[in-house]
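Below is one structure; the comments refer to it alone.
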Amino acid sequence: ASFEKADLFETDFSQATVITMFLLPQINLKLRPKILDLKPGTRIVSNTFTMEAWEADQSETVSEGCTSWCTALLWIVPAKVAGTWGMPQGALTLTQEFQKLSGTLGSTPIAEGRMRGDEISFTAGGTKYTGKVNGTMIQGTLSTGGQWAATKK
């Protein structure tokens, strides 16, 4: 761990893998674009204050013996996957809002689409797809036992 006294809007923290914050919501919101540009999988932990529309991946609240500032929020920076990906089953077209995904695989709508760092998961046509994003490639497994891959178009 390292601690620095610096202007957080001017500081390069692109090499960070974990960032802890206890900042007011408007500052969190101002930092959000910079945080979303960090390496997928970077963990962000905040005491109490949210990042508005970017919902936390996990939240824990201490209720016993805690009277204020009792909630910890965790975000995991998602890989950017919005766009069209080529697959043998058809085009995988993804729309992304932070870690949540929607879209279609061919003409089939996807459900339960999520990113957790570079890990992707979604369901299409009753099959669950899980995989890992590596730049312009996704490779993964199917709930039916097979494998799948996609290439960014």
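For the single chain, residues carry numbers from 1 onward in sequence order.
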Salt bridge between Lys80 and Asp37, side-chain N to carboxylate O under 4.0 Å? yes
Between Val133 and the options Glu119, Gln139, Met115, the side chain to side chain contact (heavy atoms under 4.5 Å, CB included) test singles out Met115
Could you tell me whether the side chain of Ile35 reaches within less than 4.5 Å of the side chain of Val77, counting heavy atoms only? yes
Please report the closest heavy-atom contact between Met21 and Met51, naming both atoms and the distance. CE-CE, 3.7 Å
Can you see which heavy atom on Ser68 is nearest to which on Cys66, and at what distance? O-SG, 3.5 Å
Would a hydrophobic clustering, with Ile, Leu, Val, Met, Phe, Trp and Tyr connected at side-chain separations under 4.5 Å, put Leu101 with Leu142? yes
Is Asp57 salt-bridged to Arg114, going by a charged N under 4.0 Å from an acidic O? yes
State, yes or no, whether a side-chain contact exists between Glu112 and Ser121 at a heavy-atom distance under 4.5 Å. no
Where do Gly126 and Ser143 come nearest, in terms of heavy atoms and distance? O-OG, 4.5 Å
Any side-chain heavy atom of Leu74 within less than 4.5 Å of one from Ser59? no
Does any part of the side chain of Gln96, heavy atoms only, come nearer than 4.5 Å to the side chain of Pro78, both counted from C-beta? yes
NZ (Lys153) and OG1 (Thr84) are apart, to the nearest 0.5 Å, by 7.0 Å
Is it true that a side-chain atom of Asn28 and a backbone atom of Thr50 form a donor plus acceptor pair closer than 3.5 Å? yes
Is Leu36 reachable from Ile27 through a run of hydrophobic residues whose side-chain heavy atoms are each under 4.5 Å from the next? yes
Just wondering, do Lys34 and Phe13 contact through their side chains at under 4.5 Å, heavy atoms? yes
Let me confirm one number: the CG-OG distance from Leu23 to Ser46, rounded to the nearest 0.5 Å. 7.0 Å
Taking Trp54's backbone N and O only, do any of them form a donor-acceptor pair with Glu97's side chain (distance below 3.5 Å, no angle check)? no
Looking at Lys152 and Gly83, what are the two nearest heavy atoms and their distance? NZ-CA, 3.9 Å
On the 0 to 90° scale, with breaks at 30° and 60°, tag the Phe22-Phe49 ring pair as parallel, tilted or perpendicular. parallel
Rounded to the nearest 0.5 Å, what separates atom OG1 in Thr104 from atom CG in Leu94? 8.0 Å
Within one Ile-Leu-Val-Met-Phe-Trp-Tyr cluster: Leu8 and Leu73, side-chain cutoff 4.5 Å: yes
Taking the side chain as C-beta and beyond, is there a heavy-atom pair between Ile44 and Leu38 under 4.5 Å? yes
Close side-chain approach of Lys132 to Ile138, heavy-atom, < 4.5 Å: no
Polar side chain donor-acceptor pair, Thr141 to Thr130, under 3.5 angstrom: yes
Under a 4.5 Å cut-off applied to non-hydrogen side-chain atoms, are Lys39 and Gln15 in contact? no
Measure the CG-CD distance between Leu29 and Glu52 for me, rounded to the nearest 0.5 Å. 4.5 Å
With Lys30 as the cation and Phe9 as the aromatic partner, state whether NZ or CZ is under 6.0 Å from the six-membered ring centre and within 45° of the axis. yes
How long is the straight-line distance from CG of Leu92 back to CG of Leu105, given to the nearest 0.5 Å? 5.5 Å
Correct closest heavy-atom pair for Thr108 and Gly125 would be CG2-N, 3.5 Å
Taking atom types as modelled and ignoring hydrogens, do the side chains of Thr17 and Thr42 form a donor-acceptor contact shorter than 3.5 angstrom? no
Spacing of CD belonging to Gln58 relative to CD1 belonging to Ile76, to within rounding of 0.5 Å: 8.0 Å
Would you say the ring centroid of Phe98 lies under 6.0 angstrom from that of Trp75? no
Could you label the plane-to-plane angle of the Trp148 and Tyr129 rings as parallel, tilted or perpendicular, counting under 30° as parallel and over 60° as perpendicular? perpendicular
